[in-house]
Number of protein chains: 2
Amino acid sequence: MKKGQVTIRDIALKLNISISTVSRALRDSPEIKLETRKKVLALAEKLNYTPNVVAQSLRVNKTKTLGIVVPELASHFFASNISGIQDTAYKRGYNVMICQSNENFEQEKSDIRTLISSRVDGLLISLSRETSSFEHLQHLIDREIPFVLFDRIVENLPVSTVTVDDSLGAYNVVQHLLQQGCQKIAFISGPKEMYICKKRIDGYQKALEEAELQHPYNNVQFSDLTNEDIRRITHELLDQEERPDAIFALNDPVAVEVLKVLKAKGLSVPEDIALVGFTNMPFSDALEPSLSTVDQPAYEMGRLAANNLLDQLMNPADFQPKNLVLDTELVIRHSSSKNNAMPKG
Amino acid sequence: MKKGQVTIRDIALKLNISISTVSRALRDSPEIKLETRKKVLALAEKLNYTPNVVAQSLRVNKTKTLGIVVPELASHFFASNISGIQDTAYKRGYNVMICQSNENFEQEKSDIRTLISSRVDGLLISLSRETSSFEHLQHLIDREIPFVLFDRIVENLPVSTVTVDDSLGAYNVVQHLLQQGCQKIAFISGPKEMYICKKRIDGYQKALEEAELQHPYNNVQFSDLTNEDIRRITHELLDQEERPDAIFALNDPVAVEVLKVLKAKGLSVPEDIALVGFTNMPFSDALEPSLSTVDQPAYEMGRLAANNLLDQLMNPADFQPKNLVLDTELVIRHSSSKNNAMPKG
DNA sequence: CTGTTAGCGCTTTCAG
DNA sequence: CTGAAAGCGCTAACAG
């Protein structure tokens, strides 16, 4: 944003042509004489001309910018989502502006407001852990501002969503644990309202029901996802009469916290208690024991979300919201392999 | 960016006053009658008016947006930097646009170009691992585009920088290892040209020199920071005649890779070989053994960098570049505590 | 193929 | 205290 910036007017003046001709030449309009175009391009190059995108935006009422709202940046999962979004956006000529809600509902609303007032063309949103009312999203719909929800979504809104099959992912985990001989599998969840919690609980319970255990066991613990709460819950689980022989944690960070408690208590994993996480975060394989988990295609989720949003922006007329659901992959490592057979992870 | 957006013109029309009055009222200009201001504010509220920042930007030739370039987003360290930047920027009325270079020099140049053409008011840059020439930065200086370098910086440019005292941080690590009785401490570095490598090597060597060991040992290995290379180097170190009794890794991810090799080889840490990283990434305390490392105030670095840049933007006239250097903190955990005394980590 | 003109929404002199 | 008018840099009818 410097004073000396050269404009199409400068070019026009030096070339003794009109600014509209310059504008057209720069944009490869077909109705410009080749010779003129070349002259313009050459001079633009020489003068180091860069179009003022602010002026362009104002004129065409489009900023070519997407807004992103994620619960937190310092999470490998969301960072990967964002990478996928960014790469896709750049490839299609868009920039991105990123906000983090810090898992805070008010901040989330404020972020959206900020992005709107920056006139982003569309939004990609992953809801905060606190978010349980959705007027702010309805407001976007009313104002016809296109957006896509990913990972932390809410259902039954007429917008596109991108998720993994959380339910199936959880189902697979429980099946695996059952195969390992676990009978009493507890699930440490996050808040009741969170989409991913609901879905993973569904999968967890479905697998347990299908198993038709002699002594049915169904043990879901809701946490607020703070480390203190995780520790508290873990201790409680260990003190319960029917102590679980496996703990399935909502995600890897939770699993790590559980693991610390188990170790501190002198319990061995997986012999005394098996443990599985969700997300396959970096270094989950470097823990001891290495952590079994569910791999999520984070980058791909971002890519799909961005492409969907951009399709919508390019062609608003015949756009239909899509609910994209990606597959996860169970990654079996030592924290849940009771037999001594070396797991593949 | 929707059609129905209300503008100051709409407000002016309904109130039968001029648009300049509305503009002034909205901006709390002192020369507006209280009554008028109230009327305007009320109607703006009612109509859900949001200023068009694009138009504002064009008019005042400022976007109130900062550009950020980092090597990668999916790194807790840079994500924390960014958090610090963002929080500070928002507090002072600025937005941010983020790009990642993916540790690629060409991408870094392209990112900067993109941000410039988006007319950001200033830039916060952390250089890619490949960057060893700096014309692109000089170009910014020539064009008088304010920017601040952080963490991955280059010296001797007339711009502000924010770093930690890498040299001292490394020095402290080596001192600590010597105290633990280690005599042969190897350092696994990244590329020669990287600022942080140079500084940490300085600290490493200074500490070794001061120690005046009977059998001086100085073993710096340069890597390209890929996991393959780290593994190769680790194996080589173990095969050397004078096998090290401690490995100091450039950062925690490198340390994790080293740790895996050591474990695979059946070596015990720290008894056979002590290990220390740098950065204090999340879950470095959950490794086994828990990883000794150097804590960096990443969020604070971002905060300081942003504040410095914003000071520069607010008051370009009497601005002097500053080189801010923050302290690190040695975090001693089990991977380097040979005595059985419980480390504080 | 090119030029003229209007205007995107806003801020800011300059007049009153 | 308020209004009129110019203009930020660019695009897009419209006219030739």
Side-chain angles (χ1 to χ4, degrees), chain A residues 1-41 43-44 47-65 93 116-121 143, chain B residues 1-41 43-44 47-65 93 95 116-121:
Chain A
M1 215 87 211
K2 275 290 84 131
K3 46 268 181 115
Q5 276 297 356
V6 356
T7 71
I8 53 172
R9 196 160 165 283
D10 300 327
I11 299 182
L13 248 40
K14 296 217 183 184
L15 252 33
N16 243 318
I17 56 180
S18 78
I19 68 166
S20 32
T21 302
V22 177
S23 170
R24 282 188 273 250
L26 253 17
R27 223 144 2 83
D28 287 331
S29 159
E31 39 177 7
I32 292 285
K33 212 202 307 179
L34 183 65
E35 195 193 344
T36 323
R37 195 216 310 287
K38 279 190 176 170
K39 275 199 304 196
V40 171
L41 259 34
L43 186 59
L47 262 37
N48 229 316
Y49 167 80
T50 10
N52 186 327
V53 295
V54 177
Q56 286 175 325
S57 297
L58 179 60
R59 186 57 240 256
V60 303
N61 205 29
K62 282 197 170 56
T63 53
K64 291 265 189 179
T65 300
I116 297 299
S117 93
S118 290
R119 293 321 208 245
V120 294
D121 292 342
R143 292 183 60 182
Chain B
M1 213 89 211
K2 276 290 83 133
K3 30 337 215 20
Q5 276 298 357
V6 357
T7 71
I8 53 172
R9 198 162 164 281
D10 299 327
I11 299 181
L13 248 41
K14 296 218 181 184
L15 252 33
N16 245 317
I17 56 180
S18 78
I19 68 166
S20 27
T21 302
V22 177
S23 170
R24 282 188 272 249
L26 252 18
R27 222 145 359 83
D28 287 331
S29 161
E31 38 177 6
I32 292 285
K33 212 203 305 178
L34 183 64
E35 195 192 344
T36 324
R37 195 217 310 287
K38 278 191 177 168
K39 274 200 304 197
V40 171
L41 260 32
L43 187 57
L47 262 38
N48 228 315
Y49 167 80
T50 10
N52 185 327
V53 294
V54 177
Q56 284 175 325
S57 297
L58 179 60
R59 184 57 236 259
V60 304
N61 205 29
K62 283 199 170 54
T63 53
K64 292 267 191 175
T65 301
N95 275 112
I116 297 300
S117 93
S118 290
R119 293 318 207 248
V120 294
D121 292 341

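So that the names make sense, note that chain A is the first sequence line, chain B the second, and so on, each numbered from 1.
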Which residues share a side-chain hydrogen bond (donor to acceptor under 3.5 Å, both in side chains) with Arg9(B), sequence neighbours left out: none
Nearest-Å distance for atom pair CG/P, residues Asp10(B) and dG9(C): 8 Å
Whole angstrom value for the distance that separates P of dG9(C) from CG of Asn52(B): 7 Å
Contact check, side chains of Leu43(A) and Lys14(A), non-hydrogen atoms, under 4.5 Å: yes
N/O (side chain, Tyr49(A)) to phosphate O (OP1/OP2, dC10(D)) under 4.0 Å: yes
Selection from dG9(D), dG3(C), dG9(C) that lies nearest to any side-chain heavy atom of Ala55(A): dG9(D)
Length of the CZ-P vector between Arg119(A) and dC8(C), whole Å: 14 Å
Rounded interatomic separation in angstrom, taking CG from Asn16(A) and P from dG3(C): 9 Å
Phosphate OP1/OP2 of dC8(D) contacted by Thr7(A) side-chain N/O (<4.0 Å): no
Of Ile19(A) and Gln56(B), the one whose closest DNA chain C nucleotide lies more 5': Ile19(A)
Minimum side-chain heavy-atom gap Thr65(A)-Asp121(A) below 4.5 Å: no
Out of dG3(C), dT2(D), dG9(C), whichever nucleotide has its closest atom nearest the side chain of Lys33(B): dT2(D)
Any Thr36(B) side-chain heavy atom under 4.5 Å of Thr21(B) side chain: yes
Any Arg143(A) side-chain heavy atom under 4.5 Å of Ile116(A) side chain: yes
Donor-acceptor contact present, side-chain Ser117(B) to main-chain Thr50(A), <3.5 Å: no
Touch class at under 4.0 angstrom, heavy-atom based, for Ile32(B) against every strand present: sugar-phosphate
Side-chain N or O of Arg27(A) closer than 4.0 Å to phosphate OP1/OP2 of dA12(D): yes
Between dC8(C) (C1') and Lys62(A) (NZ): distance, integer Å: 13 Å
Ile8(A) CD1 - dG9(D) P separation (whole Å): 10 Å
Under-4.0 Å side-chain N/O to phosphate OP1/OP2 contact, Thr21(A) with dT2(C): no
d(CZ, Arg9(A); P, dG7(D)) in whole Å: 10 Å
Whole-Å distance separating the CG atom of Leu15(A) from the C1' atom of dT2(C): 13 Å
Thr36(B) vs dT2(D): side-chain N/O to OP1/OP2 distance below 4.0 Å: yes
Check the interface with nucleotides 13-16 of chain D: list each N/O to N/O pair with the protein under 3.5 Å, or write none.
| from | atom 1 | to | atom 2 | distance (Å) |
| --- | --- | --- | --- | --- |
| dA13(D) | N6 | Arg24(A) | NH1 | 3.4 |

Sidechain-backbone polar pair: Ser23(B) side chain, Ile19(B) backbone, donor-acceptor under 3.5 Å: no
